[in-house]
Protein chains: 2
Amino acid sequence: MALKYALLSCLNESRATGYELTQLLRERMGNVWNASHQQTYRELAKLRDEKCVTFEEVPQSDKPDRKVYAITERGRGDLAEWVNEPSERPRVRDPLLLKMFAGELWDIANLKAEIEGHRIHWQATLDRYLAIESRYFSDPENLPFHYRLQHLALLRGIDVNRSWLEWSDNALSVIEKEK
Amino acid sequence: MALKYALLSCLNESRATGYELTQLLRERMGNVWNASHQQTYRELAKLRDEKCVTFEEVPQSDKPDRKVYAITERGRGDLAEWVNEPSERPRVRDPLLLKMFAGELWDIANLKAEIEGHRIHWQATLDRYLAIESRYFSDPENLPFHYRLQHLALLRGIDVNRSWLEWSDNALSVIEKEK
DNA sequence: TCGCGCATGTAAGTTGTTACATGATTTA
DNA sequence: TAAATCATGTAACAACTTACATGCGCGA
């Protein structure tokens, strides 16, 4: 449902191909919205039908042709309408936390390995977000308002990954004592 | 997919009806796994077919009959297998954060109202989790291991809601300056 | 030569949401 | 008297995932 608006938000900043949109969601907006490339292409086809986006085919000699999408007035209208409607909190569905409720069924070595594996991922993601911050948002006080809002979204990503790192250290020390 | 294991985890602790399982997911496990009652009933029917659960009909005079479900050996086996397999991180899809990427389309009063609305919810959820903590996990050091793991899951819920509260204060002060 | 990045999609299946449906008792 | 709680589901639809499909260029 909101994938529509995720794509329109990106296209509202600048035109892009389906491939680039998929990358954007995975990288810069990884802590905000996620979609596979299949989902992205399907949604773009729908947005074309709804006349929320237009596209231009750009032939390339060495690589496959690119379809560069752009937002239309109608697309911007839909986006503005959605933005001003109240939205709900996403529902949490976290398999790792769920596993904490099947305690006595764990092989403790597996539990430790799993948390350590995720820990590496959280550290890498945190580093990535911190790099984005220092590149684009190093002086937040003096940024234009709409960049400040984007910075607020990024701050969530930073905070969430930091707090998972702390949590994993805590969890690992609990496990260590049990061994 | 993991809804199966969410239900089996609950039933592994104690037998329950579909209604009670739905409540459990919403309340005690709200920061772990969410499912509507329709999903729960559908999944329970599937688990019955797979012989992962059995049920017993308990007639009631004043209220509708209860179907009390219990986990089977096969269900426990499936759960133990799943628990020891590595799992992936859930993909983030947060409409509120997404809205931060459509900055200039906001009516600033709507943005402020939306964040304030969510803030009330985060505060209430935090209070609820803190109440659970003080009731069941007030002395974590001396708890049996499988309760310590459940406490770790609860700590995530506490931390996440605390950090959203801080975030919303930060966001509201950014908005205040812009007005 | 094997995999990765670029670039696009289709098809089938699973999971999750929304709407509909019933009906008694308790609480405001 | 209206709404909430208890208690169960079905049906239709929307969203998301997984597997399949193609093909070139580049670097290890």
Side-chain angles (χ1 to χ4, degrees), chain A residues 1-8 10 15-27 30 32-50 53 55-69 82 87-95 98, chain B residues 1-8 10 15-27 29-30 32-50 53 55-69 82 85 87-95 98:
Chain A
M1 211 203 152
L3 174 56
K4 168 176 176 176
Y5 304 104
L7 298 176
L8 289 178
C10 294
R15 41 181 49 219
T17 66
Y19 188 84
E20 287 164 346
L21 289 166
T22 308
Q23 280 186 125
L24 255 162
L25 291 181
R26 196 175 48 234
E27 281 152 36
V32 170
W33 204 269
N34 281 268
S36 61
H37 73 103
Q38 294 90 334
Q39 246 189 304
T40 305
Y41 287 121
R42 183 146 40 88
E43 191 68 29
L44 281 171
K46 240 168 97 183
L47 290 174
R48 247 149 44 188
D49 294 344
E50 292 176 19
V53 298
F55 74 98
E56 203 189 336
E57 270 194 299
V58 181
Q60 296 193 120
S61 50
D62 51 342
K63 286 171 199 166
D65 292 357
R66 291 154 54 88
K67 283 185 188 164
V68 181
Y69 290 87
W82 172 77
S87 57
E88 297 202 345
R89 295 277 67 223
R91 288 162 196 186
V92 183
R93 290 188 180 102
D94 190 324
L98 183 52
Chain B
M1 209 202 157
L3 174 57
K4 168 176 175 176
Y5 304 104
L7 298 176
L8 289 178
C10 293
R15 39 181 52 218
T17 65
Y19 188 85
E20 286 164 347
L21 289 165
T22 308
Q23 280 185 125
L24 255 164
L25 290 181
R26 197 175 49 235
E27 281 153 34
M29 292 171 72
V32 170
W33 205 270
N34 280 267
S36 61
H37 74 102
Q38 294 91 334
Q39 248 189 301
T40 305
Y41 287 122
R42 182 150 40 97
E43 193 66 31
L44 281 171
K46 240 168 98 184
L47 290 174
R48 247 149 43 188
D49 293 344
E50 292 174 21
V53 298
F55 74 96
E56 202 189 337
E57 270 195 297
V58 181
Q60 296 192 120
S61 50
D62 50 343
K63 285 173 203 170
D65 292 359
R66 293 153 54 87
K67 283 185 189 165
V68 181
Y69 289 86
W82 171 78
E85 271 166 17
S87 57
E88 297 203 344
R89 294 278 67 222
R91 287 161 196 185
V92 183
R93 290 187 180 105
D94 190 325
L98 183 52

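Residue numbers start from 1 in every chain, and the chains themselves are labelled A, B, ... in the order their sequence lines are given, proteins ahead of strands.
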>> From the set dT8(C), dT18(D), dG9(C), return the single nucleotide nearest to any side-chain atom of Arg48(A).
In response: dG9(C)
> For Glu56(A), which of Arg66(A), Lys67(A), Arg15(A), Arg48(A) qualifies under salt bridge (charged side-chain N to carboxylate O under 4.0 Å, His left out)?
Replying inline: Arg15(A)
>> Counting only heavy atoms not in Glu57(B) (residues, nucleotides, ligands), do more than 12 fall under 6.0 Å from its CD?
In response: yes
> So does Ser36(A) get a side-chain nitrogen or oxygen closer than 4.0 Å to the phosphate oxygens (OP1/OP2) of dT18(D)?
Replying inline: no
> Roughly how many Å is it from CD in Glu20(B) to P in dA7(D), rounded to a whole number?
Replying inline: 7 Å
> Is the shortest side-chain N/O distance from Gln23(B) to OP1 or OP2 of dT5(D) below 4.0 Å?
Replying inline: no
>> On DNA chain C, compare the nucleotides closest to Tyr69(A) and Trp33(B); which residue's is nearer the 5' end?
In response: Tyr69(A)
>> Please determine whether a side-chain nitrogen or oxygen atom of Thr17(A) lies at a distance below 4.0 Å from atom OP1 or OP2 of dT8(C).
In response: yes
> Is there side-chain contact between Pro95(B) and Tyr5(A), with heavy atoms separated by less than 4.5 Å?
Replying inline: no
> What's the OH-P distance between Tyr41(B) and dC6(D), to the nearest Å?
Replying inline: 11 Å
> Is the distance from OP1 or OP2 of dG9(C) to the nearest side-chain N or O of Lys67(A) less than 4.0 Å?
Replying inline: yes
> Where the side chain of His37(A) is defined as all heavy atoms beyond and including C-beta, which of dA15(D), dT18(D), dG9(C) is the nearest nucleotide?
Replying inline: dG9(C)
>> Between P on dA14(D) and CZ on Arg93(B), what's the gap in Å once rounded to a whole number?
In response: 18 Å
> Distance-only, no hydrogens or angles: does the Asn34(A) side chain make a donor-acceptor pair with backbone N or O of Val92(B) under 3.5 Å?
Replying inline: yes
> OP1 or OP2 of dA11(C) less than 4.0 angstrom from a side-chain nitrogen or oxygen of Arg42(A), does that happen here?
Replying inline: no
>> In this structure, how many angstroms lie between the C1' atom of dT8(D) and the CZ atom of Arg66(B), rounded?
In response: 12 Å
> Could you state the NZ-C1' distance from Lys46(B) to dT10(D), rounded to the nearest angstrom?
Replying inline: 16 Å
>> Can you measure Gln39(A) atom CD to dT14(C) atom P for me and round it to whole angstrom units?
In response: 18 Å
> Rounding to a whole Å, what distance do you find between Gln38(B):CD and dG16(C):C1'?
Replying inline: 10 Å
>> Please report the distance, rounded to the nearest Å, between CZ in Arg26(B) and P in dA4(D).
In response: 13 Å
> Atom NE2 in His37(B), atom CZ in Arg26(B): separation rounded to 0.5 Å?
Replying inline: 9.5 Å
